[in-house]
Amino acid sequence: MAVYTDVSDEDISRFVAEYDIGDVVSFKGIAEGVENTNFYLGLMDHLSATGLNCPTPIHGKDGVALRRLCGRPAAITSFLQGMSPRRIQPHHCAGLGTALAQLHTAGLGFEMHLPNALSVKGWRPLFESCQEHADDVEP
């Protein structure tokens, strides 16, 4: 479950002052975050260092990417140009396959590991956590 954090103009100005990226023109929060920021920021740095075209964490003047904003973990990342296609066509699959192969190849040397809590190993604990309420959905 994501928790939305209200950020004031003053909060964001103080936060951005820790970077060498200029002044805030405008800002908009995202509706959800990710569950393990340290892992994802490290992976993004690693993938970018291999030459993969991906969003990258912006590091502050002190070299740190992950900071706190209004008491919550926060980071600034670069932005990729472009838009998602509205209607997926067969010719999109080749580009997607190529990008996925490049992602996997670029990630080979990444040392951190994050287990997939929703993989087959995670099914039993998930089932057991909601088993007693299964009949509440459909008797």
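- Atom-to-atom distance recorded for Leu126:CG and Gln131:CD is 11.5 Å, nearest 0.5 angstrom.
- Between the Ser78 side chain and the Thr56 main chain, a donor and an acceptor come within less than 3.5 Å of each other.
- In this structure, His92 NE2 and Ser84 OG are separated by 10.0 Å, a value rounded to the nearest 0.5 Å.
- In terms of the ring-ring contact (aromatic ring centres under 6.0 Å, His included) criterion, residue partners of Tyr19 (sequence neighbours excluded) are, by chain and number, Phe15.
- Residue Asp20 qualifies as open at atom CG: its count of foreign heavy atoms under 6.0 Å is 12 or below.
- Contact check for Gln102 versus Asn53: no side-chain heavy atoms found under the 4.5 Å cut-off.
- Between Ala75 and Leu41, the shortest heavy-atom contact is CB-CD1, 3.8 Å.
- Membership of the apolar cluster around Trp123 extends to Val120, as traced through chained side-chain contacts below 4.5 Å between ILVMFWY residues.
- Without hydrogens or angle criteria, Ser48 side chain to Met44 main chain gives no donor-acceptor distance under 3.5 Å.
- Side-chain contact check for Glu18 versus Leu69: every heavy-atom pair is 4.5 Å or farther apart.
- Just one of Phe110, Tyr40, Phe39 meets the ring-ring contact (aromatic ring centres under 6.0 Å, His included) condition when paired with His46; it is Phe110.
- Taking CG of Asp45 as the reference point, atom OG1 of Thr50 lies at 11.0 Å (rounded to 0.5 Å).
- The side chain to side chain contact (heavy atoms under 4.5 Å, CB included) with Cys70 is formed by just one residue from the set Asp6, Ile12, Asp11; it is Asp11.
- By the 6.0 Å contact criterion, CG on Asn116 is enclosed, its count of non-hydrogen atoms from other residues, nucleotides or ligands being greater than 12.
- Of the possible polar contacts, none joining the His104 side chain to the Ala101 backbone as a donor-acceptor pair under 3.5 Å is found.
- Around atom NZ of Lys61, more than 12 heavy atoms belonging to other residues, nucleotides or ligands sit under 6.0 Å away.
- Residues Asp23 and Val16 form no side-chain contact, since every pair of their non-hydrogen atoms from C-beta on lies 4.5 Å or further apart.
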